[in-house]
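As structure tokens, the structure follows; a few thoughts come after it.
A note on names: the letters A, B, ... follow the listed sequences, proteins ahead of strands, and every chain is numbered from 1.
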There are 2 protein chains.
Amino acid sequence: MGLFHADSHAMSKTLKEMDVLRQHLAKHQLKLTRQRELILTAFLRQEHVTAETMYHQLAKKDPHLGLATIYRTLNLFCEAGIAQARHFGTQTQYDNISHKGHHDHLICTGCGTIVEFENCEIERLQEEVATKNGFVIQTHRLELYGLCARCRH
Amino acid sequence: MGLFHADSHAMSKTLKEMDVLRQHLAKHQLKLTRQRELILTAFLRQEHVTAETMYHQLAKKDPHLGLATIYRTLNLFCEAGIAQARHFGTQTQYDNISHKGHHDHLICTGCGTIVEFENCEIERLQEEVATKNGFVIQTHRLELYGLCARCRH
DNA sequence: TTGAAATTGATAAGCCGTCTCAAGATGATA
DNA sequence: TATCATCTTGAGACGGCTTATCAATTTCAA
């Protein structure tokens, strides 16, 4: 009984997304597989991943899990509204949408230093712009490039 | 005399960026070539391009201009601060940074539509954040990803 | 003008992500 | 629970976009 509680508590974080996935699968006549569950729980633990990083992470739990399956599953998550693909550099980042505390970046073009920041007011204005254009924002990216105090001398 | 004036007027729009490029080349012991000039003037006429589109555009002026040269040159422009690379879908878009009043982007993750916008209030807040962190902004990039009205159905 | 050094064009190579397909898993149904 | 149509998987082939290679050419400082 105590064990049951502990288990259900540990699972509670993933339950919401698991339900979203189940609903999506049902609606599209798809099936819930061991791999999809495995990938989902691992995915939810992180803010953003690439297929490659998940491939290596999961190799320990299931050495036969194929890279193609991970790509397929992450794309499935996007369709289900659990993940969001973002192209960064040459790779695709899959962002955990439900993860909060998104931060923006201040990047020094001199020394490469990256300072993270968060500004509610800016976020609010972004929503405003999106709404005005008929968009519903899923995620965003704001990078300010400039020179930090030290590099200006 | 009249002709000279006409010419210098036609060039005036590209002069600023050409100078930026020249300075960058000088600083890195690189050379100013016919191809680099050609690609720069064509690039400055547009808001954003892919290497492929420039390849076809320029094929008329110089049928022997190679695709690799265009990629190399556009990347050079990024290093010189004239262009900015943005990855969308499988391709790379090269944005003209100096283009009138710098636009930010609202990007539909469903159909890829890009809506450009400008918001002084957001820019002001960006300055504020930068100053607070001891930075002086040179440029920035703001991309909002979401679903447009049509793709939400 | 000369020559060291950078650039070019053509194409090979590389990377990332998707497609293919035979073998295996899933789950609705009886 | 056994059956079986359907979906999924894993491995590798494939394809699109970008970069690397290299001999021939161009640039530019002296």
For this session: For atom CZ of A:R150, decide whether the heavy atoms of other residues, nucleotides or ligands shown that lie under 6.0 angstrom number more than 12.
Result: no
Please examine the side chains of [Y] and [X], heavy atoms only from C-beta on, and report whether any two atoms are closer than 4.5 Å.
X      : Y      : answer
A:H105 : A:E116 : yes
B:I122 : A:L142 : no
B:R141 : A:Y145 : yes
B:D104 : A:V129 : no
A:L65  : A:I39  : yes

To the nearest Å, give me how far apart [atom1] ([X]) and [atom2] ([N]) are.
X     : N      : atom1 : atom2 : result
B:Y94 : D:dT19 : OH    : C1'   : 10 Å
B:R36 : D:dT26 : CZ    : C1'   : 11 Å
A:D62 : D:dT8  : CG    : C1'   : 14 Å
A:F77 : D:dT8  : CZ    : C1'   : 14 Å
A:H64 : D:dT8  : NE2   : C1'   : 17 Å

Seminar exercise, completed: Under a 4.0 Å heavy-atom cutoff, the residues of residues 51-60 of chain A touching DNA chain C are none
Give me, pair by pair, the N or O atoms of the protein and of nucleotides 20-25 of chain D that are less than 3.5 Å apart, along with how far apart they are.
{"unit_1": "D:dT21", "atom_1": "O4", "unit_2": "B:R72", "atom_2": "NH1", "d": "3.4"}

Exercise. More 5' along DNA chain C: B:T73 or A:L67, using each one's nearest nucleotide?
Worked result: B:T73
Exercise. Is there a donor in the side chain of B:E52 and an acceptor in the side chain of B:Q91, or the other way round, less than 3.5 Å apart?
Worked result: no
For this session: Answer yes or no: does a side-chain N or O of B:Y71 lie under 4.0 Å from OP1 or OP2 of D:dT19?
Result: no
Problem set entry | A:N119 (side chain) donor-acceptor with A:E121 (main chain) under 3.5 angstrom | yes
For this session: Would you check if the side chain of B:R152 reaches a backbone N or O of A:G134 as a donor-acceptor pair within less than 3.5 Å?
Result: yes
Problem set entry | Pair listing, side-chain hydrogen bond (donor to acceptor under 3.5 Å, both in side chains) test, anchored in residues 27-38 of chain B, at least two apart | B:R34-B:D62
Problem set entry | Which atom of A:A51 lies closest to which atom of A:L74, heavy atoms considered | CA-CD1, 4.0 Å
Problem set entry | Closest non-hydrogen atom pair, A:C148 against A:C108 | N-SG, 3.4 Å
Seminar exercise, completed: Outermost contacting nts on DNA chain C, any atom under 4.0 Å from chain B heavy atoms, listed 5' then 3', are C:dA5 to C:dT11
Exercise. With a non-hydrogen cut-off below 4.0 angstrom, is A:L65 in contact with a base, only sugar-phosphate, or nothing?
Worked result: sugar-phosphate
Exercise. Which part of the nucleic acid does B:T50 contact within heavy-atom distance under 4.0 Å: base, sugar-phosphate only, or nothing?
Worked result: nothing
Exercise. Aromatic ring centroids of B:F43 and B:Y94 under 6.0 Å?
Worked result: no
For this session: Identify, with sequence neighbours excluded, every residue that meets ring pair (Phe, Tyr, Trp, His ring centres under 6.0 Å) alongside A:F135.
Result: none
Just the atom pairs and distances: protein N or O near nucleotides 27-30 of chain D's N or O, under 3.5 Å.
{"unit_1": "D:dT27", "atom_1": "O2", "unit_2": "B:K31", "atom_2": "NZ", "d": "2.7"}
{"unit_1": "D:dC28", "atom_1": "OP1", "unit_2": "B:L32", "atom_2": "N", "d": "3.0"}
{"unit_1": "D:dC28", "atom_1": "OP1", "unit_2": "B:L32", "atom_2": "O", "d": "3.4"}

